[in-house]
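Here is the structure we will look at, set down as structure tokens.
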Amino acid sequence: MDATDSSISASDAAKMIAAQVSPVAGIEAAPLRSALGRILAQSIHSPINVPAYRNSAMDGYAVFGKDIPSDGSSALKVVGSAFAGKPYTGQLNRGECIRIMTGAKMPDEADTVIMQEWVDRQGDDAHIDNRTKHGANVRQAGEDIQVDSTILQAGDEIGPAQLGLLASLGIPEVQVRRRLRVAFFSSGDEIRSIGQPLEEGQIYDSNRYTLFGMLTELGTDVIDMGVIPDEAEAIQAAMLEASEEADLVLTSGGISVGEADFIAEGIHKLGKIHFSKVAIKPGRPLTFANLGDARFFGLPGNPVAVMITFLQFVRPAIQLMQGKQSRLNPTLKVKAGTAFRKLPGRTEFQRGILELDEQGELMVKTSGRQGSGVLSSMSNGNCFILLPDAAEHVRIGDLVEVQPFDLLRH
């Protein structure tokens, strides 16, 4: 990288973004099913014990532990049965037992369940031996969740498992943060929306569709402002409108140094730039700024650079603004099945295909041409290959760090 380059490192960019964003204000009550994908605004405490009562952990016979013989076998009289939802209501005495099914309430007097495979049933008698320990196969009240214990933290995202957990506790609604509002538009006289005819030198706008997809997966309210022409007044008006309607504003294109790049000019009039170049490839001309009360990211125009800068920088900012518990992006160390080349001094996000080799071990190979406009490298690939600042050439068989796409989707 040139000594005069004003780019900041990827790690410094991430730190600067984290220092400038905070959770949005606004809390609302969401019925349970409507809470899927939302971020909890308050921690949840269990109103009940789970299990609510002592119950059998398996099909078998509920007995007094003291009736288990020290050696040999003994016979207990079977006086009834208990099923899940239909407990035994009689009195259980020493020398007696009941047939019990998994999940059924234990009689108050019984403390042990002998699994049915270890019982020799002969008419009304159940013959048992000493293989079962006193207290075995019984789930105690509150064993899984104790009443008043914290089951979910503020900042947790509600997924299917969390929905089921809340439903199991009889909780009908939860307090969640309001959805983050994100406005975005593309700029460039060469950009056309789908449905418009292409003239010479023009291209269809793919960036708004990839942004829409990624923003929707993150559970935001999206405001698509379309394609704005390369005119200073039009771009500034769009930026002002977006900053007044949204918490976060995204643009793609129009942030380099061309004569018709009016994004930076608009920021200087409406807000403050924190950085405008990051030492990464692709995606170097990434701008982060304040735009009134909103936060702003000016993404590059090339489709792959848009996706990379969004996933690596915008996505973590959105999660912080949503109040979501911060989570590191998991990475794996795997063998390179392809040789990779790069220049030192910048972080590269190459696109790869993570798969099993002939020995059944994970390896990664290139997904094809790596140009910042080659969107097929993202569509064909399933991971980023992270080549850090100091890295140069990677040989076949070297270990490289990869970041699976599926782990970046929420």
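Here the closest non-hydrogen pair linking A294 and V249 is CB-CG2, 4.2 Å. Nearest heavy-atom pair, P107 versus I100, reported as atom, atom and distance to 0.1 Å: CD-CD1, 4.5 Å. The minimum heavy-atom distance linking D357 with M363 is given by the pair CB-CG, 3.7 Å. The heavy-atom pair separating A246 from I223 by the smallest distance is CB-CD1, 4.4 Å. The minimum heavy-atom distance linking A279 with D389 is given by the pair O-OD1, 4.5 Å. Minimum interatomic distance between G60 and V113 (heavy atoms only, all atoms of both residues): CA-CG1, 4.2 Å.
Remark: the backbone N or O of S7 is not paired with any side-chain donor or acceptor of R284 at under 3.5 angstrom. Distance alone, capped at 3.5 Å, places no donor-acceptor pair between the T150 side chain and the L152 backbone. Remark: side-chain polar atoms of T338 are paired, donor with acceptor, to backbone N or O of T366 under 3.5 angstrom. A donor-acceptor distance shorter than 3.5 angstrom exists from the side chain of T112 to the backbone of G135, with no hydrogens or angles considered. With N207 contributing its side chain and G301 its backbone, the two residues share a donor-acceptor pair below 3.5 Å. In this structure, R208 contributes its side chain and F184 its backbone to no donor-acceptor pair below 3.5 Å. In this structure a side-chain-to-backbone donor-acceptor pair under 3.5 Å is present from Q325 to A154. R54 contributes no side-chain N or O that, together with a main-chain N or O of V138, makes up a donor-acceptor pair within less than 3.5 Å.
For K342, the NZ atom sits in a packed shell: over 12 heavy atoms of surrounding residues, nucleotides or ligands are nearer than 6.0 Å. Within a 6.0 Å sphere centred on OH of Y53, heavy atoms belonging to other residues, nucleotides or ligands number more than 12. Residue R395 places its CZ atom among 12 or fewer non-hydrogen atoms of other residues, nucleotides or ligands, all under 6.0 Å distant. At most 12 non-hydrogen atoms from other residues, nucleotides or ligands lie less than 6.0 angstrom from CD of E233. Enclosure of atom CD in E173 by more than 12 non-hydrogen atoms of other residues, nucleotides or ligands within 6.0 angstrom is indicated. Dense packing is recorded around CZ of R121, with more than 12 heavy atoms of other residues, nucleotides or ligands lying under 6.0 Å away.
Among the candidates T251, L250, L248, the single residue satisfying the side chain to side chain contact (heavy atoms under 4.5 Å, CB included) test with F296 is T251.
How far OG1 of T220 is from CE of M321: 10.5 Å, rounded to the nearest 0.5 Å. Expressed to the nearest 0.5 Å, how far CD1 of I280 lies from OG1 of T309 amounts to 6.5 Å. Remark: D247 CG to R181 CZ distance equals 5.0 Å, nearest 0.5 Å. The distance from atom CD1 of I114 to atom CG of D59, rounded to the nearest 0.5 Å, is 14.0 Å. Distance CD/Q322 to CZ/R178: 11.0 Å, rounded to 0.5 Å. From W118, atom CH2 reaches atom CZ of R131 across 5.5 Å, with rounding to the nearest 0.5 Å.
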Practice task
Given side-chain contact (heavy atoms from CB on, under 4.5 Å), test H274 with N290 step by step and report yes or no.
Solution key: CA-CA 8 Å; H274 297 293; N290 288 350; 3.3 Å; yes
Handout entry: Residue pair L92, F64: steps toward the side-chain contact (heavy atoms from CB on, under 4.5 Å) verdict
Key = CA-CA 9 Å; L92 192 65; F64 288 83; 3.9 Å; yes
Practice task
Could you give me the CA-CA distance, side-chain angles and deciding distance for M239 and I267, then say whether side-chain contact (heavy atoms from CB on, under 4.5 Å) is met?
Solution key: CA-CA 8 Å; M239 294 174 71; I267 298 171; 3.5 Å; yes
Problem - side-chain contact (heavy atoms from CB on, under 4.5 Å) between F310 and L218, worked out - result: CA-CA 12 Å; F310 182 96; L218 288 169; 3.8 Å; yes
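No side-chain N or O of Q359 forms a donor-acceptor pair with one of E361 less than 3.5 Å apart. No side-chain donor from either of D129 and S73 sits under 3.5 Å from a side-chain acceptor of the other. Remark: the E157 side chain and the Q162 side chain contain no N/O donor-acceptor pair separated by less than 3.5 Å. Between the side chains of S149 and S46, no donor-acceptor pair is found at a separation under 3.5 Å.
Here the side chains of V402 and I385 are in contact, with some heavy-atom distance below 4.5 Å. Put simply, the side chain of E109 reaches to within 4.5 Å of the side chain of Q91, judged on heavy atoms. The side-chain heavy atoms of T347 and L386, taken from C-beta on, include no pair separated by under 4.5 Å. Side-chain contact between L166 and I151: present, with at least one pair of heavy atoms (C-beta onward) separated by less than 4.5 Å. Within the 4.5 Å cutoff, no side-chain heavy atoms of H393 are placed close to those of D398. Contact of the D156 side chain with the I39 side chain is not registered, since no non-hydrogen atoms from C-beta on lie closer than 4.5 Å. Using a 4.5 Å heavy-atom threshold, the side chains of I235 and I263 count as touching. Two residues are said to be in side-chain contact when any heavy atoms from C-beta on lie closer than 4.5 Å; R38 and E28 meet this criterion.
Among residue pairs with one or both ends in residues 132-145, those qualifying as side-chain hydrogen bond (donor to acceptor under 3.5 Å, both in side chains) are N55-R139, D111-H134, R139-D144; sequence neighbours excluded.
Ring orientation note: the planes of F275 and F288 are tilted relative to one another, at an angle of 30° to 60°.
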Acceptor/donor pairs from residues 77-87 side chains to any protein atom, 3.5 angstrom cut, sequence neighbours excluded:
none

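For the pair R351 and F384, the cation does not sit on the ring face, since its NZ or CZ is not both under 6.0 Å from the ring centre and inside 45° of the axis.
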